[in-house]
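Indexing begins at 1, ligand by ligand and atom by atom, following the structure's order.
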Amino acid sequence: MFKIPNHQVAGHQAGDGKLGPLIDDSGRFYKPLQNNERGSREVAFYTSFSSNTKIPDQIRRYFPLFHGTQLLEASDGSGLHLHLILEDLVSTHVHPSVMDIKIGSRTWYPQASEEYIKKCLKKDSEYTSLRLGFRISGLQAYESEESGFWKPEKKLVSSYDMEDVRSSLKRFVSSKPLSGVEPDGSFASVVYGGSDGILAQLLELKAWFEDQTIYHFNSCSVLVMYEKAAAETGMSRAEVKLIDFAHVTDGEGVIDHNFLGGLCSLIKFVSEILVNPGDYTTEGGLNGFQQHPFSFHNGPKKDIE
Ligand SMILES: O=P(O)(O)O[C@@H]1[C@@H](OP(=O)(O)O)[C@H](OP(=O)(O)O)[C@H](O)[C@H](OP(=O)(O)O)[C@H]1OP(=O)(O)O
Ligand SMILES: Nc1ncnc2c1ncn2[C@@H]1O[C@H](COP(=O)(O)OP(=O)(O)O)[C@@H](O)[C@H]1O
């Protein structure tokens, strides 16, 4: 039995006759191959990465496990479609808090079509990519059984400026993310800090990116995850994973400075929150909370045959 994922925060989503990923009960995430050369590029990346002996073991843990491809009934009803079989990164979570952060000040790359580059350039300058070296693509943060998740709408997240990004990173690790009051950042030290917290993981990835010249991770995202119940006991199960390799190109012996720069910028934001989690310096910016509607999601999973 395949289902529409309940905890997807960005990207193409299944439902309403659209093509998107599916999950099963065994902890697998099935991502449909995208059109043009995107799908085949992502398969090629996973195939190459899986067998590349130059990837250090401690770096592999930042990537979803890859189990090949499979023809499945597509979520849009269009019939059999090839899907990547990936590890479902949230399958062991009960109430995953998840943030998708697209890394890089540019999401385009020289090998792309003129039309695609134009579209990316526009989005990169409208979003925070150009200015910050990354943008938040989507997120959800669990509050409680009664109130569910803070899951701002895509349109709102797309309009984030630098201060919104800063306060969202803080609200993401706050005890009451849904409340309009200042985020308290009370889980910052357990989620972002610690010897295997988000910051430590980002720094380990950064060290690899300072050296690796095999791949260029264009338009790729860092997925940050934790479980609130665990964080409350001081064991956050915080994890960083890299996802979305539809635009990965050959590094050709050159450092991926676009990804590395974005990663450094994200590290700086996270570090600043860790230094002062209670600080709230935005100029009256409650993250657009007073001007924009929330979106809650707490509903049951939809099943697809
Ligand atoms: O169509 P859009 O405008 O929603 O763009 C998609 C992006 O949404 P965004 O507006 O940047 O949040 C979307 O970004 P997210 O995954 O949501 O961060 C992808 O970049 C997607 O392209 P691809 O799957 O990487 O080839 C993008 O899809 P394509 O339009 O490039 O197919
Ligand atoms: N392996 C995975 N396990 C669980 N969730 C995932 C996985 N890969 C992606 N996702 C979810 O799906 C979203 C979109 O994934 P992505 O690969 O970027 O798709 P797209 O190419 O459509 O943008 C992510 O923000 C995340 O919420």
Any Lys/Arg nitrogen of [X] or [Y] sitting under 4.0 Å from an Asp/Glu carboxylate oxygen of the other?
{"X": "Glu210", "Y": "Lys206", "result": "yes"}
{"X": "Lys119", "Y": "Glu115", "result": "no"}
{"X": "Arg166", "Y": "Glu163", "result": "yes"}

(request) Name all residues meeting the side chain to side chain donor-acceptor pair (under 3.5 Å) criterion together with Gln70; count only those two or more places apart in sequence or in a different chain, and write none if there are none. (result) none
(message) Test of understanding: with side chain to side chain donor-acceptor pair (under 3.5 Å), list the residues that count as partners of Ser78, not counting sequence neighbours.
(response)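 If we apply the side chain to side chain donor-acceptor pair (under 3.5 Å) test to Ser78, skipping adjacent residues, the hits are Asp76.
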(message) If the contact criterion is a heavy-atom separation under 4.0 Å, does Ile243 count as touching ligand 2?
(response)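 Per 4.0 Å heavy-atom rule, Ile243 contacts ligand 2.
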I'd like to check which ligand 2 atoms, numbered from 1 as shown, lie under 4.0 Å from a non-hydrogen atom of [X].
{"X": "Asp100", "result": "24 (C), 25 (O)"}
{"X": "Gln34", "result": "21 (O)"}
{"X": "Glu87", "result": "1 (N), 2 (C), 3 (N)"}
{"X": "Lys31", "result": "16 (P), 17 (O), 19 (O), 20 (P), 21 (O)"}
{"X": "Val9", "result": "25 (O), 27 (O)"}
{"X": "Asp88", "result": "3 (N), 4 (C)"}

(message) Could you tell me if Arg28 sits above the aromatic ring of Phe2, with its cationic atom closer than 6.0 Å to the ring centre and no more than 45 degrees from the axis?
(response) no
